[in-house]
Amino acid sequence: MSAVTTTPEQHGIKAHSDGGWDAAEKVVPVQTRSDRFTSFVHGDFPEVSGREADWKLTPVELVRPLIDGALDGSPYDYTATDVAGATVEWIDRDSARVGIAGTPEERASANAWTSFEKALSITVTGEDAAELTVARDSLGTGLRAGHTIITARANSVATVVLQNGGAAQLSENVEIVVEDGAHLTVISVQEWDDASIHLASHFARVGRDARLRHIIVSLGGKVVRINPSTHLVDQGADAELFGVYFADAGQHLEHRVYVNHVAPNTRSRVTYKGALNGEGAHTVWVGDVLIGPKAAGTDTYEQNRNLVLSEGTRADSIPNLEIQTGDIAGAGHASATGRFDDEQLFYLMARGITEREARRLVVLGFLSEIVQKVGVGELHTRLQAAIEAELRGVA
Amino acid sequence: MSTLVISDLHVSVETDQGTKNILKGVDLTIEQGSIHAIMGPNGSGKSTLAYTIAGHPKYKVTRGSITLDGQDVLAMTVDARARAGLFLAMQYPVEIPGVTVTNFLKTAKTAIDGEAPSIRSWVKDIKTSMEALRMDKSFAERNVNEGFSGGEKKRHEILQLELLKPAFAILDETDSGLDVDALKIVSEGVNRAHENTGLGVLLITHYTRILRYIHPDFVHVFVDGRVAEEGGPELAERLENEGYDRYALANGSDVASVG
């Protein structure tokens, strides 16, 4: 017998238009989320063709410079609110704090990791529910790499808002370390200029009896692609991941969420809601949940809802649930993308409310479930106003 | 004193089986302050009449007119009809996720009146009406119709009726699915609005039960898309005893086919 390397036959696998299948070696894609290739080094990843499962829904040619270009990884200007129990500082890339929470899973993330010179470290220690906002609005139009590390020390309680505005061509990694017993809320708000491109990978590591609330708000930018992954690594870890987005004409907003239940008795909830309006508005939501072999007693539910307000839009929504233990408390997922409900419109208009105002009410109501999760009063009000501003473009 | 006049109204809907004619020449005149009961078997077109007056886009008027004090109602948008003084209490009110009852009522009141209500009297009005309808205070912070029971939805419809103070209310089978206690509460609400604001009522019902609590001045029997018989309250009593069978027999038509 000659020595031939083959991949084992798998049930249900047959030729597919994605490519790779016709090759002589019959490449089978990675079947388990945790088996994906990871590396800190850009060159370790193959070139991106745009046909890969994790890139095929992204406008790759628009983001190619951030995947492969030379990125400026020097420190940038930011503003941070001065809060007791929280420190914000630039630290060296060889600091022991770097690389605790995760490793890049794709080439743009690795490019940022290879390129950053200093990491912006945000550390919270207090138990007094500190609220801290770190804002960037002058990154400029040059290609940039960023690296942020948010560390919630054991038993600390805090909310960290990452506020993004202005022009940017940015690929970045955000590490989030939630130590044992800490309660951390991270809110990342994307209100970039219309031409901005933002690729981000968030890596969260949640410890024993610790809790992470992670909220993504994506409103502005030509292309925004944020991939938050959360690893529940010890008993009692709890993650709630929320997202709200509003895509206008020509805008691409993508969120690839991954929750990895590593330890027993962990809990996760994922809810992303979005609205789409205008020709070429495109949103992508991928929700991967992996319940590992040791994660007995896992309780998880993920869902995505999209509200389509006009013709010419596209919403991709792909939930994946992978369970490697028979002993779980609950696991489910849901996805729905629908048009504006004309019966809701009729009901409101039958009470004298104009069509425009009725649409505004319904869309705000639809998105408010997530906006209401933003406990920060000033930010909540501002986001409400930002979404109302988006709605002015709705006929 | 307003008058709502419906003349020779023909209405059709598009179905998978093609165009279906539902109303086939309805004539009806309602003066403000009077109570008209529209009774009839399932499928006779009662609800179609209600939704056509309110302006639901599903129903196409092919002939006839609806006027309110001479104004052409059919030319108005749905919201303009409501602002002109027409109110439809719906049989199956839809849920509006994320919109609280408080926010909804204030938005509607502002739209109807053309200005925001003064806060003090508005809060008091809501409280008074909710208490009268035996609605718990927590209701105000719930999302519109979300998770409401059948009875709660109907009370919420009548709450709006009391607060928005229309000239005419069309009650589309408001009595269906209510137990006797809820039916009394809802009926009291309608009677209060009638007494306080001189409301004209078009009460659509299949059963005579609600007529024990809301007393009509006129009764119209609807069969196969038109008024088959009209009279005073005594007609309702006759229907209570005899049912609709004699109309179906006389008419010979399919009375159960339209929703």
Side-chain angles (χ1 to χ4, degrees), chain A residues 217 242-246 271-275 303-309 334 336-374 380-381 383-388 390-391 394-395, chain B residues 50-59 76-115 141-146 153 156-157 159-161 163-167 169-170 172:
Chain A
V217 180
F242 301 111
V244 58
Y245 46 90
F246 197 126
T271 306
Y272 271 63
K273 287 184 130 182
Q303 59 174 324
N304 175 226
R305 297 266 185 275
N306 295 299
L307 184 57
V308 174
L309 302 174
T337 297
R339 285 175 164 281
F340 197 88
D341 182 347
D342 289 337
E343 293 303 322
Q344 291 180 343
L345 196 62
F346 174 73
Y347 187 78
L348 294 171
M349 288 178 70
R351 301 303 179 243
I353 299 167
T354 61
E355 178 169 354
R356 191 182 179 82
E357 176 73 4
R359 285 184 181 275
R360 196 188 71 89
L361 270 181
V362 170
V363 178
L364 277 178
F366 175 77
L367 299 177
S368 72
E369 183 192 344
I370 307 299
V371 177
Q372 281 164 4
K373 307 284 185 196
V374 178
H380 177 264
T381 311
L383 288 179
Q384 196 84 16
I387 290 172
E388 298 212 18
E390 295 277 337
L391 279 168
V394 179
Chain B
Y51 280 86
T52 303
I53 296 170
H56 195 288
K58 181 176 158 192
Y59 302 97
M76 298 179 195
T77 56
V78 174
D79 52 317
R81 295 179 196 205
R83 292 195 297 273
L86 300 176
F87 179 92
L88 170 63
M90 299 194 202
Q91 192 178 351
Y92 304 109
V94 294
E95 297 180 0
I96 320 264
V99 178
T100 62
V101 167
T102 303
N103 184 14
F104 164 63
L105 290 175
K106 185 162 180 248
T107 306
K109 184 67 176 170
T110 304
I112 297 278
D113 290 1
E115 59 179 1
E141 293 314 312
R142 290 169 68 183
N143 291 331
V144 173
N145 293 320
E146 202 175 70
K153 284 182 181 170
H156 180 232
E157 293 293 289
L159 175 67
Q160 297 166 50
L161 169 64
L163 292 169
L164 299 180
K165 300 183 170 43
I170 303 130
D172 184 23

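Each chain gets a letter, A, B and so on, in the order its sequence line appears, and its residues count up from 1.
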Kindly determine whether B/Phe104 and A/Arg351 satisfy side chain to side chain contact (heavy atoms under 4.5 Å, CB included), including the steps that lead there. CA-CA 9 Å; B/Phe104 164 63; A/Arg351 301 303 179 243; 3.6 Å; yes
Testing the basics here: between B/Val78 and A/Ala350, what is the closest heavy-atom pair and its distance to 0.1 Å? CG1-N, 3.5 Å
Heavy-atom pairs under 4.5 Å with chain A: which of B/Lys109, B/Lys58, B/Glu157, B/Glu95 has the most? B/Glu157
Hey, could you give me the CG/OG distance between B/Asn143 and A/Ser368, rounded to the nearest 0.5 Å? 6.5 Å
Sort B/Leu164 into side chain, backbone, both or neither according to what part of it lies under 4.5 angstrom from a heavy atom of chain A. side chain
Please classify the contact of B/Pro166 with chain A as side chain, backbone, both or neither, using a heavy-atom distance under 4.5 Å. neither
First locate atom CG of B/Asp79, then atom CZ of A/Arg356, and finally report the distance between them rounded to the nearest 0.5 Å. 13.0 Å
Among A/Val362, A/Leu361, A/Leu364, which one satisfies side-chain contact (heavy atoms from CB on, under 4.5 Å) with B/Val99? A/Leu361
Shortest non-hydrogen pair, A/Phe346 vs B/Gly55, comes out as CE1-C, 3.9 Å
For residues A/Gly352 and B/Ala111, report the shortest heavy-atom separation together with the two atoms involved. O-CB, 3.2 Å
Do A/Asp342 and B/His56 make a side-chain contact, defined as non-hydrogen atoms from C-beta onward lying under 4.5 Å apart? no
Looking only at non-hydrogen atoms, find the nearest pair between A/Ile353 and B/Thr107 and report the distance. CD1-CG2, 3.9 Å
